[in-house]
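Below is one structure, written out as structure tokens, with a few remarks after it.
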Amino acid sequence: MTQTGPPTNTFAETPRSRCEFYRRVCSLPTIIDPVTGRITMRAGLVGAVVMPTDLAHRVKTSLDARGVAPLPIIGHPRAAMWTFLVRADIRPIGDPQQVARLWEARVVVIREGDIALPSPAPDPLMVRTWVSPAISVFRPSGAVVIECALGCLHGRRRR
């Protein structure tokens with residue numbers, strides 16, 4: 001079963017309480033935009049790999065089979081994309097065919113900039129949900145997520 005949010009509590013959640021959870025439990029360097037209530041963090045030690053949902057499902061299945069868990073994955077329902085929060089250990093890919101394959105599949109690696117996280121503040125323009133919530137400091141290797149994505153793409157091309 002896929003969980004769509006962080007563990008529920010008996011109290012009303014606020015952007016501040018969610019941000020504190022991300023900081024204390026997950027060691028994510030989050031901040032709150034005081035105007036919108038959006039929760040973001042600066043990429044650095046934590047990065048992200050964004051991909052279309054259909055590919056992301058296959059990557060998640062592959063990672064699950066390898067025992068890589070828990071996987072913090074943010075869903076973007078309107079865009080049909082998922083974001084895997086990862087360790088920032090992805091090295092530049094030297095093979096132009098692999099780069100082209102990832103580009104064609106709309107796989108994006110975020111090494112710098114802001115990463116938006118789900119917030120309990122209503123925001124009709126920026127809908128984000130947890131496909132698999134961040135519940136600890138664990139983040140999978142970004143290199144392994146990319147390797148799985150390439151494996152899924154390679155397998156799809158053979159069919």
In terms of heavy-atom contacts, S132 and L71 come closest through OG-O, 2.5 Å
Which pairs, with at least one residue in residues 98-122 and sequence neighbours excluded, count as a ring pair (Phe, Tyr, Trp, His ring centres under 6.0 Å)?
-> none
Check whether [X] and [Y] end up in the same hydrophobic cluster, where Ile, Leu, Val, Met, Phe, Trp and Tyr are linked by side-chain heavy atoms less than 4.5 Å apart.
{"X": "L45", "Y": "V25", "value": "no"}
{"X": "V99", "Y": "V144", "value": "yes"}
{"X": "M41", "Y": "V108", "value": "yes"}

Do any N or O atoms from the side chain of [X] and from the backbone of [Y] form a donor-acceptor pair under 3.5 angstrom?
{"X": "R111", "Y": "I90", "result": "yes"}
{"X": "R139", "Y": "C26", "result": "yes"}
{"X": "T30", "Y": "C19", "result": "yes"}
{"X": "R18", "Y": "P118", "result": "yes"}
{"X": "T61", "Y": "H57", "result": "yes"}
{"X": "T53", "Y": "M81", "result": "yes"}
{"X": "D89", "Y": "G142", "result": "yes"}

First locate atom NZ of K60, then atom CG of L55, and finally report the distance between them rounded to the nearest 0.5 Å.
-> 14.0 Å
At what distance, to the nearest 0.5 angstrom, does CD1 of I115 lie from OG1 of T83?
-> 8.0 Å
Assign the ring pair Y22 / W130 to parallel, tilted or perpendicular, where the plane angle (0 to 90°) is split at 30° and 60°.
-> perpendicular
Polar side chain donor-acceptor pair, D114 to T40, under 3.5 angstrom = no
Qualifying residue for side chain to side chain contact (heavy atoms under 4.5 Å, CB included) with P140, from P70, C148, P72 | P72
Taking 4.0 angstrom as the limit, do E20 and R23 come out as a salt bridge?
-> yes
Could you give me the CA-CA distance, side-chain angles and deciding distance for M51 and R106, then say whether side-chain contact (heavy atoms from CB on, under 4.5 Å) is met?
-> CA-CA 6 Å; M51 64 188 74; R106 298 181 12 216; over 6 Å; no
